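Atoms within a ligand are numbered from 1 in the order they appear, just like the ligands themselves. Worth saying up front: this structure is predicted, and the values here are computed from it rather than measured.
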Amino acid sequence: MNEKKIILGIETSCDETAVSIIEEDQNDKIKILSNVVSSQFDIHKEFGGVVPELAARSHVEKIDLIAKKAINESGVNLKDVSAIASTSGPGLIVCLTVGLNFGKALSASLNVPFIGVNHLEGHALSPKLNTSLDFPYLLLLISGGHTQYLSVNGLGKYKRLGTTIDDALGEAFDKTAKLLGIEFPGGPKLESFAKHGDANKFKLPKPIINKGGCNLSFAGLKTAILRISSTLKSKQEKYDLAASFQKTIEEILEVKTQIAFDEFKKNNNKENKTFVIAGGVAANKGIRKKLIKVCKKNNFKPIFPETKLCGDNAAMIALVGLEKYKIKKFDNLNLPASPRLPLDENANSLKGAGVIL
Ligand code: KG4
Ligand code: ZN
């Protein structure tokens with residue numbers, strides 16, 4: 001019989017200071033014992049985006065407290081922790097360094113293995129915290145910094161099928177929200193604005209909708225929003241623009257997901273096909289509804305993380321730590337922070353001028 005494993009996860013890659021403790025029991029059942037997330041919205045909102053130095057300073061000030069809270073809430077005795085896992089990238093280097101150093105110090109003092117985790121892999125595996133999930137599966141990762149379709153073939157084994165060539169989807173939500181006068185980060189509130197509006201009021205562009213496979217682009221959409229937002233005269237018109245934006249995003253994802261399904265099927269003839277939608281934007285109810293519909297039509301099973309596990313958290317970091325712990329994939333204490341850490345190292349960069357799709 002397997003023995004019980006307890007992993008302490010740490011996440012500080014951007015503007016959330018998070019610590020979580022998870023446990024896998026003798027029957028391989030995973031339980032979240034604590035999951036503490038402290039967001040820095042109040043610190044950054046007056047700047048309309050995350051200020052790296054302020055974020056890092058806040059991580060330094062809070063990490064002890066958040067770790068203590070997570071340990072107390074879990075009821076775990078530190079001497080029973082099997083390993084420490086910290087996000088090592090991608091993210092803001094000054095922020096990553098805080099959680100990485102804290103994790104290394106803890107692992108050295110407890111004399112347990114240290115494991116560096118790719119933040120994106122945390123999102124990719126996050127539904128596994130609540131449900132069983134078998135490789136391979138198709139993943140749509142939609143967050144504030146990334147928008148990608150990937151074939152997830154195993155732990156650390158990713159093949160990128162498509163990516164944004166400019167803005168990430170969360171970024172498009174946040175920038176649109178800002179133009180509508182909604183406080184940072186505006187994504188969630190934009191969705192509630194959209195509920196009061198007429199989604200057919202404004203016709204918005206769908207960049208590269210008929211080319212580039214399942215690659216995506218949102219920059220042209222943002223420019224259109226910028227132009228229209230300066231002409232709006234009433235609150236109702238703001239609601240209408242929010243609704244039109246939400247509808248356009250859903251339609252873009254419907255088309256691109258269909259293409260991603262075809263790409264995924266080319267390399268996988270597995271009978272039961274699964275489509276995981278993860279990352280902060282996966283909390284969007286309209287997007288969930290649309291993608292569930294696309295899945296039904298194409299015989300894919302949709303899987304979303306629990307809403308509170310869509311955004312950045314340390315339970316997903318502990319989860320990847322657990323998977324790596326089981327195969328003894330540990331790191332040295334000199335593991336550096338990696339601001340850029342793609343899931344598919346072989347995929348070409350498709351950002352910037354001169355991209356040919
Ligand atoms: O995964 P996440 O917490 O952080 C990154 O790794 O980037 O994603 C944050 C992003 C933000 O852009 C936020 O506005 C967006 O997810 N977001 C949403 C919703 N909830 C969070 N966007 C649209 N609708 C939502 N309900
Ligand atoms: Zn994230």
Side-chain angles (χ1 to χ4, degrees), residues 9-18 20 35 37-41 44-45 48-50 52 55 86-92 95-96 99 117-127 129 139-148 150 163-164 166-180 182-195 218 221-222 225 242-243 245-250 252-253 276-291 304-320 339-343:
I10 300 165
E11 156 63 37
T12 61
S13 66
C14 190
D15 58 345
E16 260 93 24
T17 316
S20 166
N35 185 23
V37 181
S38 171
S39 296
Q40 304 175 354
F41 297 151
H44 304 291
K45 70 180 177 198
V50 178
S86 289
T87 304
S88 65
L92 300 165
C95 294
L96 289 165
V117 171
N118 184 321
H119 175 88
L120 304 176
E121 185 148 47
H123 281 301
L125 301 196
S126 57
L129 287 162
L139 167 71
L140 170 60
L141 175 62
I142 34 180
S143 70
H146 295 85
T147 299
Q148 299 181 350
L150 295 135
T163 183
T164 177
D166 39 58
D167 293 349
L169 186 51
E171 202 179 341
F173 265 94
D174 293 341
K175 285 179 179 166
T176 300
K178 196 171 171 186
L179 290 170
L180 294 177
I182 303 171
E183 253 177 17
F184 172 84
K189 199 130 180 239
L190 184 78
E191 194 185 1
S192 44
F193 256 51
K195 287 198 189 96
F218 300 107
L221 182 55
K222 184 182 63 194
I225 302 269
F245 172 79
Q246 170 79 34
K247 179 176 176 244
T248 306
I249 294 297
E250 287 172 21
I252 292 171
L253 291 180
V276 169
I277 303 96
V281 190
N284 186 289
K285 293 194 188 67
I287 292 177
R288 283 184 176 227
K289 219 164 126 192
K290 174 66 89 182
L291 293 178
F304 298 88
E306 230 186 276
T307 307
K308 70 170 193 290
L309 296 173
C310 286
D312 288 347
N313 64 83
M316 67 183 194
I317 304 305
L319 173 73
V320 178
R340 202 185 153 272
L341 196 58
L343 285 174

Taking Thr164 for its side chain and Asp166 for its backbone only, find out whether a donor-acceptor pair lies under 3.5 Å.
yes
Would a distance-only check, ignoring hydrogens and angles, find a side-chain to backbone donor-acceptor pair under 3.5 Å from Arg340 to Pro90?
no
Could you verify whether a donor N or O on one side chain and an acceptor N or O on the other, from Gln246 and Asn284, lie under 3.5 Å apart?
yes
Enumerated ligand 1 atoms positioned under 4.0 Å from heavy atoms of His119:
6 (O)
Out of Ala283, Ser39, Gly280, whose heavy atom sits nearest atom 21 (C) of ligand 1?
Gly280
Could you list the atoms of ligand 1 found under 4.0 angstrom from a heavy atom of Gly145?
7 (O)
Qualifying residues under ring-ring contact (aromatic ring centres under 6.0 Å, His included), relative to Phe193, sequence neighbours excluded:
Tyr239
The protein heavy atom nearest to atom 24 (N) of ligand 1 is Asn284 ND2, 3.0 Å
Which ligand 1 atoms does Gly170 reach within 4.0 Å, using its non-hydrogen atoms?
12 (O)
Looking only at protein heavy atoms, which one is nearest to atom 26 (N) of ligand 1, and how far off is it?
Glu191 OE1, 3.1 Å
Testing Leu96, Val117, Leu341 one by one against Ser88 for a side-chain contact (heavy atoms from CB on, under 4.5 Å), which residue passes?
Leu341
Glu183: which residues meet the salt bridge (charged side-chain N to carboxylate O under 4.0 Å, His left out) condition with it, sequence neighbours left out?
none
Run the numbers for me: atoms of ligand 1, each under 4.0 Å from some heavy atom of Gly144, listed by number.
5 (C), 7 (O), 8 (O), 9 (C), 10 (C), 12 (O)
Using modelled atom types and a 3.5 Å cut-off, is there a donor and acceptor pairing between side-chain atoms of Asp167 and backbone atoms of Ala172?
no
Atoms of ligand 1 less than 4.0 Å from Gly311 heavy atoms?
3 (O)
Nearest protein heavy atom with distance in Å, relative to atom 14 (O) of ligand 1
Asp174 OD1, 2.6 Å
Within less than 2.8 Å of the Zn ion (ligand 2): protein N, O or S atom count:
3
Thr87 and side-chain hydrogen bond (donor to acceptor under 3.5 Å, both in side chains): which partner among His119, Glu121, Glu11?
Glu11
Mark yes or no for whether Gln148, through its side chain, and Thr163, through its backbone, hold a donor-acceptor pair below 3.5 Å.
no
Exam field: side chain Glu250 to backbone Lys247, donor-acceptor pair closer than 3.5 Å
no
Of Ser192, Pro188, Cys310, the residue with the heavy atom nearest atom 19 (C) of ligand 1 is Pro188
Quick check against the 3.5 Å criterion: does Asp174 have a side-chain atom that pairs as donor or acceptor with the backbone of Ala177?
no
Using the test salt bridge (charged side-chain N to carboxylate O under 4.0 Å, His left out), find all partners of Lys285 that sit at least two apart in sequence or belong to another chain.
none
Which atoms of ligand 1 are found less than 4.0 Å from any heavy atom of His123?
1 (O), 6 (O)
Which residue and heavy atom of the protein sit nearest atom 3 (O) of ligand 1, plus the separation:
Asp312 N, 3.0 Å
For atom 15 (C) of ligand 1, find the nearest protein heavy atom and state the residue, atom name and distance (0.1 Å precision).
Val281 CG2, 3.9 Å
